[in-house]
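Beneath this line is the structure, given in structure tokens, with notes to follow.
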There are 2 protein chains.
Amino acid sequence: MRNFKNLNMTEAYSISELSQEFDITPRTIRFYEEKGLLFPGRKGRTRVFSASDRVRLKLILRGKKIGFSLDESRDIIEMYEPETDNTRQLENLLLKIQEKRLLLEQRKKEINTMLKDIKKTESICLSALDDQ
Amino acid sequence: MRNFKNLNMTEAYSISELSQEFDITPRTIRFYEEKGLLFPGRKGRTRVFSASDRVRLKLILRGKKIGFSLDESRDIIEMYEPETDNTRQLENLLLKIQEKRLLLEQRKKEINTMLKDIKKTESICLSALDDQ
DNA sequence: TATTACGTTTACGTTAACGTAAAGATATTA
DNA sequence: TAATATCTTTACGTTAACGTAAACGTAATA
């Protein structure tokens, strides 16, 4: 009765639930906590992960796929959760955001360049096969 | 008289020329050779890099920026330089190409998702600043 | 001729991101 | 009650991608 469409209604997850869902080892998750990327609560000694931990984990793994280090991912994730409403801080946040946006757009361009090149090779390859 | 628009007309480059152009250390370049990513010739003991080495280096660094390992980059680079015209090999090459294309397109999607998220945060941030 | 610049090889060091193993707590099941 | 499953902490091991240092060769320059 705790699960609904594979989604925990209590919004609490065990380490094994998360590791299975994202196909990573518990060790990896503990490591992310150690590095200050996740903040599970405790029930006794065992970790209890919240929905926000789950989102964070998703963002970390997404960042990894496109070549972000854990530190870079933490930077980005922290932008999603501004802790203050002070103008000065907001402005700093905005700067950070714009910086990361540039970074992302740059990487997108690199990917597009590689895609163009690869498609060229592909078509050369295809026509070479046609000629046989 | 050897240079023309910062481009070596002899198509031969020293290790320091390349390391300066791409802002990496000579050690890095030697490491890439050691790992089978570059194949400089020798004049005596000193390495002589060709135009194709230079292109390869550029591709390696581009790959790094979007999170490819050196092994992955080598895979991709080798696709640019098919060594055979055998049909069977060409078909294999084509499969590899398509696989890498999927990988690239996937990463592009991840980036687009992150960009969307980041823009959302940005506009929240901006309107919060407006309200002050 | 001595220094400087640039190259070489060899080899050990470093950091990030985990893997792996040991030793134990706790809770459910046979 | 014994076994099994799942969790914990502690700690050493591993791989990729270089950094860094030593010790040396060679060629141009002061």
Side-chain angles (χ1 to χ4, degrees), chain A residues 1-3 8 10 12-50 53-54 56-77 103 110, chain B residues 1-3 8 10 12-50 53-54 56-77 103 110:
Chain A
M1 266 301 257
R2 278 185 70 215
N3 291 324
N8 204 315
T10 65
Y13 308 85
S14 75
I15 198 168
S16 57
E17 281 174 326
L18 289 184
S19 69
Q20 281 168 34
E21 176 175 0
F22 295 109
D23 197 29
I24 55 182
T25 68
R27 171 72 241 244
T28 300
I29 296 180
R30 293 193 194 102
F31 180 75
Y32 292 163
E33 179 190 4
E34 195 181 320
K35 290 287 159 181
L37 291 152
L38 300 176
F39 312 96
R42 302 277 161 149
K43 188 183 162 188
R45 318 173 74 205
T46 92
R47 281 161 249 256
V48 180
F49 295 87
S50 69
D53 283 315
R54 190 175 158 277
R56 278 174 159 268
L57 186 49
K58 197 184 273 188
L59 293 174
I60 295 167
L61 298 176
R62 186 186 289 158
K64 277 196 58 177
K65 279 195 193 163
I66 57 173
F68 282 149
S69 71
L70 292 184
D71 283 344
E72 285 176 311
S73 285
R74 182 180 29 222
D75 277 5
I76 294 188
I77 291 171
L103 221 164
E110 311 273 357
Chain B
M1 266 300 255
R2 281 186 68 217
N3 291 325
N8 203 315
T10 67
Y13 307 87
S14 74
I15 196 166
S16 57
E17 281 174 326
L18 289 184
S19 70
Q20 279 167 34
E21 176 176 1
F22 295 110
D23 197 29
I24 56 182
T25 69
R27 170 72 240 245
T28 300
I29 295 180
R30 294 194 193 102
F31 180 74
Y32 291 163
E33 179 192 2
E34 195 180 321
K35 289 287 157 181
L37 289 152
L38 301 175
F39 312 97
R42 301 277 162 150
K43 187 182 163 189
R45 319 173 72 204
T46 92
R47 281 162 249 254
V48 180
F49 295 86
S50 69
D53 282 317
R54 190 173 157 280
R56 277 174 160 269
L57 187 50
K58 197 183 271 189
L59 293 175
I60 296 166
L61 299 175
R62 187 187 290 157
K64 278 195 58 174
K65 279 193 193 165
I66 58 173
F68 283 148
S69 73
L70 292 185
D71 283 344
E72 285 176 312
S73 285
R74 182 180 28 220
D75 277 5
I76 293 187
I77 291 171
L103 220 164
E110 311 274 357

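The chains referred to below are lettered A, B, ... by the order of the sequence lines, with proteins before strands, and numbering in each begins at 1.
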Discussion item. Whether A:Arg42 contacts D:dT9 is assessed here as follows: a side-chain N or O lying under 4.0 Å from the phosphate OP1 or OP2. Is that the case?
Written reply: yes
Discussion item. Is the phosphate of D:dA17 approached by B:Thr28 (side-chain N or O, under 4.0 Å from OP1 or OP2)?
Written reply: no
Fill in: CA sep, side-chain torsions, deciding dist, call: B:Ser19, B:Ser16, side chain to side chain donor-acceptor pair (under 3.5 Å)
CA-CA 5 Å; B:Ser19 70; B:Ser16 57; 5.6 Å; no
Practice prompt. Figure out the CZ/C1' separation between B:Phe31 and D:dT15, and round it to whole Å.
Written response: 10 Å
Discussion item. Closest-nucleotide mapping onto DNA chain C: is B:Glu34 or A:Thr25 further toward the 5' terminus? I mean the 5' end.
Written reply: B:Glu34
Discussion item. Just N and O in the side chain of A:Tyr32: are any of them under 4.0 Å from OP1 or OP2 of C:dC18?
Written reply: yes
Discussion item. Measuring only between side-chain heavy atoms, which start at C-beta, is A:Asp53 closer than 4.5 Å to A:Tyr13?
Written reply: no
Discussion item. Starting the side chain at C-beta, find the nucleotide from D:dT9, C:dT9, C:dG7 nearest to A:Arg45.
Written reply: D:dT9
Worksheet item: Out of D:dC18, C:dT8, C:dA17, which nucleotide sits closest to the side chain of B:Leu70?
Response: D:dC18
Worksheet item: Hey, are B:Arg42 and B:Glu33 close enough for a salt bridge, meaning a charged N less than 4.0 Å from a carboxylate O?
Response: yes
Worksheet item: Hey, does the side chain of B:Thr46 come within less than 4.0 Å of D:dT26's phosphate (OP1/OP2), counting only N and O?
Response: no
Worksheet item: How close or far is atom C1' of C:dT10 from atom CZ of B:Arg30, stated in whole angstroms?
Response: 12 Å
Worksheet item: Can you tell me how far P of C:dA16 sits from CD of A:Glu72, to the nearest Å?
Response: 12 Å
Item to complete: Check the distance between D:dG19's C1' and B:Ile29's CD1 and give it to me in whole angstrom.
Response: 15 Å
Discussion item. Tell me the bend of the helix from C:dT1-D:dA30 to C:dA30-D:dT1 as the angle between end helix axes, each from five pairs, rounded to the nearest 10 degrees.
Written reply: 10°
Discussion item. Evaluate B:Phe68 against B:Leu103 for side-chain contact (heavy atoms from CB on, under 4.5 Å), listing each step before the verdict.
Written reply: CA-CA 11 Å; B:Phe68 283 148; B:Leu103 220 164; 4.0 Å; yes
Worksheet item: Do NZ/NE/NH1/NH2 and the carboxylate oxygens of A:Arg74 and A:Asp71 come within less than 4.0 Å?
Response: yes
Practice prompt. Please determine, for the side chain of B:Ser16, which listed nucleotide (C:dC18, C:dG7, D:dT8) has the closest atom?
Written response: C:dG7
Discussion item. Rounded to whole Å, please give me the gap between CD in A:Glu33 and C1' in D:dC7.
Written reply: 13 Å
Item to complete: Could you please spell out the steps behind the side-chain contact (heavy atoms from CB on, under 4.5 Å) verdict for A:Arg56 and A:Phe39?
Response: CA-CA 10 Å; A:Arg56 278 174 159 268; A:Phe39 312 96; 3.6 Å; yes
Fill in: side-chain contact (heavy atoms from CB on, under 4.5 Å) between B:Ile60 and B:Ile77, worked out
CA-CA 8 Å; B:Ile60 296 166; B:Ile77 291 171; 3.6 Å; yes
Discussion item. Distance criterion of 3.5 Å, no angle test: do you see the side chain of B:Arg27 paired donor-to-acceptor with the base of D:dG19?
Written reply: yes
Worksheet entry | Verdict with reasoning, A:Leu37 to A:Phe31, per side-chain contact (heavy atoms from CB on, under 4.5 Å) | CA-CA 9 Å; A:Leu37 291 152; A:Phe31 180 75; over 6 Å; no
Worksheet item: For A:Lys43, which contact category applies under a 4.0 Å heavy-atom criterion: base, sugar-phosphate, or nothing?
Response: nothing
Worksheet entry | Whole-Å distance separating the CD atom of A:Gln20 from the C1' atom of D:dA5 | 12 Å
Worksheet item: Roughly how many Å is it from NZ in A:Lys65 to P in C:dA17, rounded to a whole number?
Response: 17 Å
Discussion item. Rounding to an integer number of Å, can you tell me how far B:Ile24 CD1 sits from D:dC18 P?
Written reply: 8 Å
Item to complete: Please tell me which of the listed nucleotides, C:dA17, D:dC7, C:dT8, lies nearest to the side chain of B:Arg47?
Response: C:dT8
